[in-house]
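See structure below.
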Amino acid sequence: MDIIMKSKRPEVNIEYFGQQSRFFNFFEMIVDDLLHGKGIYAETNSGSNGNAFMYAKKGYQVITNDASEYSYSVAKAIMSDNIPTEFNSKYEWLNKYSDSYIGRASVFASVVDLYGYNAEIPSELNSELEEKINEYISYFTKIKNEKIRSFKSYNEDLYNYLRKLRKEKINVDIMFMDFAWPWRDGSKTEEYNTTANIYSNIFEKSKIPNIEIWDKKNVIDNVIKAVKEAKKISKYVLLSNQSSNYPTPEVLEVALLKNGLNYDIRHTMLTDAEYEDNLGKESFFREYLYVIRGDVDD
């Protein structure tokens, strides 16, 4: 299916690099056609959690995951009633926000909103940042009050997450996979390093080691490994990639086929880049979504 769509501001709209929820209508058509409104929808990297929220709102059982403390805090803030159980803030001013996921998510979103995708957490709180945090607290609280809840939420490295689902004997109908792809020139996407690594150990100082951000040298091997692992617990694997990324479709598709990962269909969407996070590099943007049949039967 090749379509042209107008991107639009997503319902869950926070400052997060790679916010794919602006393309929810495109993904929705594909997921609904496969599942017809029922089933377990899971993600390997949930990012801003906008897609997960919308699928949960539609009635799917949703599983979120992201190694990023930012993403995990958002998932817990808007789709759960949990509260953090550990507190060990990097800076004293963070203690005010450490005891709730809404507070934590609001800190991360506010820093990115005010200072950009690669900003570090300031050592001191100023009035501008405090005002922005309060705005996000109100925003996240409003979303949380819609009572849309996830089935499960994880804060794991990609492979640990897939192994954990298998160990817990959780099979899913769809595993949506959109990674921290390198830029088209093959270089690492540093914006993901910020959310995955710079923002770890902010509220709790006993987190996992740094997450490796992929580049041209290792991205294809990692994608093949991840898809093969995901197939073991999934009815369908949906692999998402974008025109701003490496590898190109030609390179990726050859790698998939050479490794026995035949896809049923490749859906493509061309859209304007109004809400695209590629820092204004292009005015248009193409999304590729590969439907790969998993090993889980009906």
Side-chain angles (χ1 to χ4, degrees), residues 1 3 5 7-14 16 18-66 68 70-82 101 105 139-140 142-156 158 161-162 164-165 168 170-179 226-227 230-231 233-242 264-265 267 269 271 275 287-294 296 298:
M1 176 176 64
I3 64 172
M5 295 185 72
S7 63
K8 64 180 183 179
R9 191 177 299 276
E11 183 170 338
V12 177
N13 185 50
I14 64 172
Y16 185 89
Q19 187 172 205
Q20 277 221 336
S21 49
R22 63 198 177 280
F23 302 145
F24 178 74
N25 289 347
F26 172 62
F27 303 133
E28 180 184 29
M29 289 187 295
I30 297 163
V31 169
D32 284 351
D33 184 59
L34 293 171
L35 301 189
H36 308 292
K38 293 190 298 185
I40 298 178
Y41 167 88
E43 298 177 333
T44 49
N45 305 74
S46 293
S48 64
N49 290 277
N51 284 338
F53 179 85
M54 293 303 293
Y55 283 120
K57 191 172 184 177
K58 284 172 65 69
Y60 290 102
Q61 288 184 287
V62 166
I63 301 175
T64 66
N65 177 70
D66 210 299
S68 161
Y70 181 1
S71 295
Y72 181 68
S73 295
V74 172
K76 288 294 191 180
I78 65 177
M79 288 184 285
S80 85
D81 297 307
N82 299 137
Y101 286 112
Y139 178 71
F140 286 128
K142 182 179 179 181
I143 298 173
K144 182 187 183 74
N145 288 342
E146 290 191 42
K147 300 296 182 182
I148 306 300
R149 298 294 179 257
S150 61
F151 173 50
K152 288 182 176 291
S153 185
Y154 296 89
N155 183 204
E156 297 285 347
L158 169 64
Y161 165 65
L162 294 173
K164 182 166 284 192
L165 289 181
E168 294 176 5
I170 298 175
N171 289 332
V172 306
D173 293 286
I174 279 180
M175 180 64 73
F176 187 93
M177 313 183 84
D178 184 32
F179 305 117
V227 172
K231 276 170 56 69
I233 55 170
S234 308
K235 184 177 179 181
Y236 295 102
V237 175
L238 302 189
L239 178 62
S240 171
N241 195 7
Q242 298 83 39
D264 289 357
I265 188 171
H267 299 284
M269 178 195 65
T271 184
Y275 298 113
E287 174 79 21
Y288 306 94
L289 193 65
Y290 300 89
V291 178
I292 301 170
R293 201 170 294 270
V296 175
D298 289 325

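The residues of the chain are indexed from 1 along the displayed sequence. Computed from a prediction, not measured in an experiment: that's the story for all the values here.
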OG/Ser153 to CG/Asn65 distance, rounded to the nearest 0.5 angstrom? 7.5 Å

With a 3.5 Å distance limit and no angle check, can you tell me whether Lys235 reaches the backbone of Gly294 through a side-chain donor-acceptor pair? no

Give a yes or no on whether the backbone of Gly37 and the side-chain of Tyr60 come within a donor-acceptor separation of less than 3.5 Å. yes

So do the side chains of Glu11 and Glu146 get within less than 4.5 Å of each other, counting heavy atoms only? yes

Interatomic spacing from CD1 in Ile63 to CD1 in Ile170 - rounded to 0.5 Å: 5.0 Å

Salt bridge or not between Asp173 and Lys38? Use side-chain N to carboxylate O under 4.0 Å. no

Distance only, no hydrogens: is a donor on one side chain within 3.5 Å (strictly under) of an acceptor on the other, for Thr44 and Tyr161? no

Within-4.5 Å side-chain heavy-atom neighbours: Tyr41 and Gln61: no

Do the rings of Phe23 and Phe27 sit parallel, tilted or perpendicular, given the 30° and 60° boundaries? perpendicular

Look up atom NZ in Lys144 and atom CZ in Arg149, then write down how far apart they are to the nearest 0.5 Å. 5.0 Å

With a 4.5 Å cut-off on side-chain heavy atoms, are Glu156 and Lys164 touching? yes

Quick check: do Tyr70 and Ile14 have side-chain heavy atoms less than 4.5 Å from each other? yes

Any donor-acceptor N/O pair, Asn241 side chain to Tyr288 backbone, under 3.5 Å: no

Flag side-chain contact, heavy atom, 4.5 Å: Asn51 against Gln20: yes

Any side-chain heavy atom of Val31 within less than 4.5 Å of one from Leu238? yes

Side chains of Lys76 and Asn155 in contact at under 4.5 Å (non-hydrogen atoms): no

With distance as the sole test, does Asn45 use its side chain to make a donor-acceptor pair with the main-chain N or O of Phe179 at under 3.5 Å? no

Out of curiosity, Ser234 OG to Leu162 CG, how far, rounded to the nearest 0.5 Å? 7.5 Å

Among side-chain atoms of Asp178 and Gln242, is any donor-acceptor pair under 3.5 angstrom? yes

Just by distance, do the side chain of Asn49 and the backbone of Ser71 share a donor-acceptor pair under 3.5 Å? yes

Out of curiosity, Ser21 OG to Tyr16 OH, how far, rounded to the nearest 0.5 Å? 11.0 Å

Report yes if some heavy atom in the side chain of Tyr101 is under 4.5 Å from a heavy atom in the side chain of Tyr72; otherwise report no. yes

Apply ring-ring contact (aromatic ring centres under 6.0 Å, His included) to residues Phe24 and Tyr55 and explain how you reach the verdict. CA-CA 9 Å; Phe24 178 74; Tyr55 283 120; 4.9 Å; yes

